[in-house]
Structure formats: structure tokens, C-alpha cells
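Note that this is a predicted model, so its numbers are computed, not measured.
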Amino acid sequence: MTVAEICAVAALYYGSARLGLLQQLVRGQVTPLWPPSGIAVAGLLLRGLRVWPGIALGAFLVNISLGPSLPAVLAITAGNTLAPLCSYALLRHIGFRNELDRLRDALALIFLGAFTGMLISATTGSGTLVLAGVVSTEGFWPTWSVWWTGDAMGVLVVVPVLLVLGAARLPRGVPPLRWLEGLLLLAATVGVGVVETSSVPLMFLGFPLLIWAAFRFQLAGAAPCALAVSTFAVITAARGAGPFAGHDLLTGMITLQAFNGSASLTALLVSAVISERNQTQQEIARACGELAGMAARIATGDHHPMRLEGEGGEDRNGGPTETKRPSSHS
């Protein structure tokens with residue numbers, strides 16, 4: 001089973017990397033959205049450390065065809081493998097839960113899993129390209145910004161979707177209006193995507209959709225919606241259209257990182273807050289039900305005789321104590 005899981009992770013890593021490279025910005029191998037980083041972190045969270053060879057194998061197969069040399073490929077592969085392992089270790093250290101139903105879990109995924117863990121792959125990869133002579137020294141920071149943005153966004157937008165899919169169950173008893181609302185949300189997301197990828201700078205239209213999805217469907221709706229909105233933003237940035245027009249690479253990546261980070265932050269935090277609110281309401285309702293049951297039993301006189309302190313014991317002189325029983329109020 002472990003071998004099959006490793007091969008599955010490697011295949012998903014390789015396939016998602018090929019999709020991510022369709023929007024490459026630097027040397028044909030640095031992209032503003034790198035889904036394999038999300039595949040790697042989600043694989044570790046769902047299946048454990050035993051699948052890390054699949055991450056390394058997938059990273060090696062992707063980079064061996066990109067070069068620039070075997071030592072450089074090995075260094076980049078090591079960085080791409082260590083980064084998700086670091087993210088996994090940080091998340092598990094603080095007690096991260098895959099349900100993402102707490103505010104602390106959402107914050108941990110954003111700041112530890114994405115922004116912190118992916119520093120390793122971005123620094124290792126960009127430094128390797130500079131040392132190999134394929135990127136100039138002046139190009140280190142622009143390359144690093146794209147690399148870090150791509151890996152972090154891969155974690156932010158891909159991991160929640162995969163965690164939702166990992167816990168997905170066939171819905172039962174869903175009202176027809178709920179299905180209709182979901183279809184309307186899907187249609188609105190596609191419509192906003194068309195507007196986002198145009199020359200008109202209206203990317204902010206994605207935020208009402210994220211709030212709608214988080215309020216009504218929690219993580220199951222917010223995660224796919226955030227993935228779609230971020231993907232449309234990446235396509236717009238790669239084309240240099242909308243708010244990314246007329247800016248250099250570094251400025252464009254800062255803008256993209258700010259937008260995608262804000263979108264993911266909105267989706268994850270609102271869905272986590274709503275989930276916590278629903279859990280609190282359920283606990284309050286359960287406690288109220290228990291109190292109502294106790295009050296009903298007391299009102300109907302359905303209570304057991306109480307055993308008072310000292311019943312059946314001995315007094316201080318060693319003699320038997322008098323047994324006291326509660327008086328009857330008939």
C-alpha cells in the first residue's frame with residue numbers, strides 16, 4: 001500500500017507541475033502558482049511522512065527535463081522536498097487539524113504551512129539557478145519572489161481543496177434550493193473569472209464570492225472558490241493584463257501575492273469562524289437539551305434518594321452512626 005501511495009503522490013506531483021508550468025514566468029520553470037507544493041503538503045497531512053519519497057521522485061522527474069545540470073536538479077529537488085516536510089512539521093507541532101474548522105488552523109496553514117515553509121524551496125531554487133549561471137545576480141530577487149509566490153499560493157489554494165476532498169462524503173437529504181444555490185455560486189465564479197482575466201481591473205469582484213461561499217458552505221465552498229479566483233488572477237498576471245499591466249516582474253509578483261494571500265485569508269478565516277460558530281451553537285443546544293431533561297425529571301419527582309455524608313459509617317468513638325434519610329413530601 002505504501003508503494004502505491006508513493007507512486008500516486010509522484011504522479012500527482014508531476015501532472016500538476018506540468019499544469020503549473022503553462023504559466024511560467026522565469027526560465028521556463030518558475031511559475032506564480034505551483035500546485036505541486038500543495039499536493040506535497042496535502043499528501044503529508046493526509047497520508048503521513050511515509051509518502052515523502054513520492055514528493056522527491058515527482059520533483060526530480062519534473063526538474064530533470066528542465067535542467068540546467070544534474071547537480072542543480074538535485075539541489076532544486078532537495079529544496080522542493082524539504083519545504084513541504086518543514087511545513088508539515090510546523091503544522092503538526094502546533095496541533096493542526098485537517099478539518100480546518102478552527103481559526104488557529106487557518107492561520108497556521110497561511111503563515112506556517114505556506115509563507116514560512118516555502119521559504120526553503122524558493123531560496124534553494126533561486127540560489128541554485130544563480131550559482132549555475134542561468135540567472136544573473138540581479139535577477140535573484142525577482143526569481144525568488146516568483147518562486148516563493150508560486151509555492152506559497154500552491155499551498156494556500158490547493159491544500160484546503162484536497163483536505164475537503166479527503167473528507168468528502170456523499171451528501172444526503174440536501175434540499176433542492178441548496179443545490180440551486182451551489183450552482184448559482186459556480187456560475188457567478190465563472191462569470192467573475194471572465195471579468196478578472198480581461199483588461200478591466202476588476203479583480204476585487206472575487207471577494208463577495210469568497211464571503212458568500214464561506215458563509216453558506218464553509219470550507220467545502222470557500223476552498224474551491226479561492227482556488228478558482230487565484231487561478232484567474234495568476235492567468236491575468238501571466239498575461240500582464242488588468243492591474244498587472246505596465247509593472248515589472250517583482251512589482252507584479254508583490255501585487256499577485258497580496259491579492260491571492262488576501263483571497264485565501266478571507267476564504268479560510270471566514271469559513272473557520274463560521275464553523276466555530278456552528279460548533280458553539282450545537283454545544284449550546286446540546287447543553288440546553290440536557291438542562292431541560294433534568295428540569296423535567298425534577299418537576300415530575302423522578303429523582304433518586306440521596307446518600308448523605310456519614311451514612312452507614314462510624315462516629316468518632318467507633319460506634320455506628322445514625323442513618324439519615326431525606327424526608328418524604330407526599
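- Within the model, atoms CZ of R104 and CZ of R97 stand 8.5 Å from one another, a figure rounded to the nearest 0.5 Å.
- Environment of CZ in F204: crowded, with over 12 heavy atoms of neighbouring residues, nucleotides or ligands closer than 6.0 Å.
- Contact between A42 and L162 at its shortest, heavy atoms only, is CB-CD1, 3.5 Å.
- Here the CG atom belonging to L103 is positioned 10.5 Å from the CG atom belonging to L268, to the nearest 0.5 angstrom.
- The two residues A213 and C225 have their closest heavy-atom pair at CB-CB, 4.1 Å.
- A continuous path of ILVMFWY side-chain contacts below 4.5 Å connects L227 to L165, so both sit in one hydrophobic cluster.
- For the pair M118 and S121, the tightest heavy-atom approach, listed with the atom from each and the gap, is O-OG, 3.1 Å.
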Task: Verdict with supporting geometry, V62 and N80, side-chain contact (heavy atoms from CB on, under 4.5 Å) - done: CA-CA 11 Å; V62 171; N80 289 349; over 6 Å; no
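- Each of V161, V164, I274 was evaluated against L219; a single residue qualifies, V164, per the side-chain contact (heavy atoms from CB on, under 4.5 Å) test.
- Put simply, the side chain of T300 gets close to the backbone of R297: a donor and an acceptor are under 3.5 Å apart.
- Criterion: ILVMFWY side-chain heavy atoms under 4.5 Å apart, direct or through other members. Under it, I211 and L185 are not part of a common hydrophobic cluster.
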Carefully, step by step, assess M153 and V234 under the rule side-chain contact (heavy atoms from CB on, under 4.5 Å). CA-CA 10 Å; M153 289 305 103; V234 169; 5.9 Å; no
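- Aromatic ring centres of W147 and W144: separated by at least 6.0 Å.
- The minimum heavy-atom distance between P36 and S16, with the atom names listed, is CG-OG, 3.4 Å.
- Taking the ring centroids of W148 and F115, they lie under the 6.0 Å cut-off.
- Remark: side-chain polar atoms of T116 are paired, donor with acceptor, to backbone N or O of F111 under 3.5 angstrom.
- Distance check: S87 OG to R92 CZ gives 12.5 Å after rounding to the nearest 0.5 Å.
- In this structure, Y13 has its ring center at least 6.0 angstrom away from the ring center of F60.
- For the pair N278/Q281, a side-chain contact is recorded, criterion being any heavy-atom separation below 4.5 Å from C-beta on.
- What you find for D151 and A122 is that their closest heavy atoms are OD2-N, 4.5 Å.
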What do the steps show when you test L109 against L100 for side-chain contact (heavy atoms from CB on, under 4.5 Å), and what is the final call? CA-CA 9 Å; L109 182 64; L100 271 174; 4.1 Å; yes
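- In the hydrophobic clustering of this structure, V146 groups with W141; members are Ile, Leu, Val, Met, Phe, Trp, Tyr whose side-chain heavy atoms approach within less than 4.5 Å, directly or through other members.
- Residues W34 and L21 have side chains in contact (heavy-atom distance under 4.5 Å, counting atoms from C-beta outward).
- The cluster map of Ile, Leu, Val, Met, Phe, Trp and Tyr, joined by side-chain heavy atoms under 4.5 Å apart, puts L46 and L91 in the same cluster.
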Going through the distances and angles, do Y88 and L45 end up as a side-chain contact (heavy atoms from CB on, under 4.5 Å)? CA-CA 7 Å; Y88 172 79; L45 290 173; 3.8 Å; yes
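- With a 4.5 Å cut-off on side-chain heavy atoms, L33 and T231 count as touching.
- Between I76 atom CD1 and T81 atom OG1 the span is 11.5 Å, to the nearest 0.5 Å.
- Using a 4.5 Å heavy-atom cutoff, the side chains of F207 and V229 are not in contact.
- Between atom CD1 of residue I235 and atom OG of residue S230 there is a gap of 11.0 Å, rounded to the nearest 0.5 Å.
- Nearest heavy atoms, V157 versus S264: CG1-OG, 3.7 Å.
- Counting heavy atoms from C-beta outward, I55 and L44 have side chains that approach closer than 4.5 Å.
- Connection of I94 to L49 is established within a shared hydrophobic cluster, with ILVMFWY side chains joined at heavy-atom distances below 4.5 Å, either directly or through further cluster members.
- By the neighbour-count criterion of 12 heavy atoms within 6.0 Å, atom CH2 of W52 is sparsely surrounded, having that number or fewer from other residues, nucleotides or ligands.
- At a threshold of 4.5 Å between non-hydrogen side-chain atoms, the residues L57 and T77 do not count as touching.
- Distance OG/S65 to OH/Y14: 5.5 Å, rounded to 0.5 Å.
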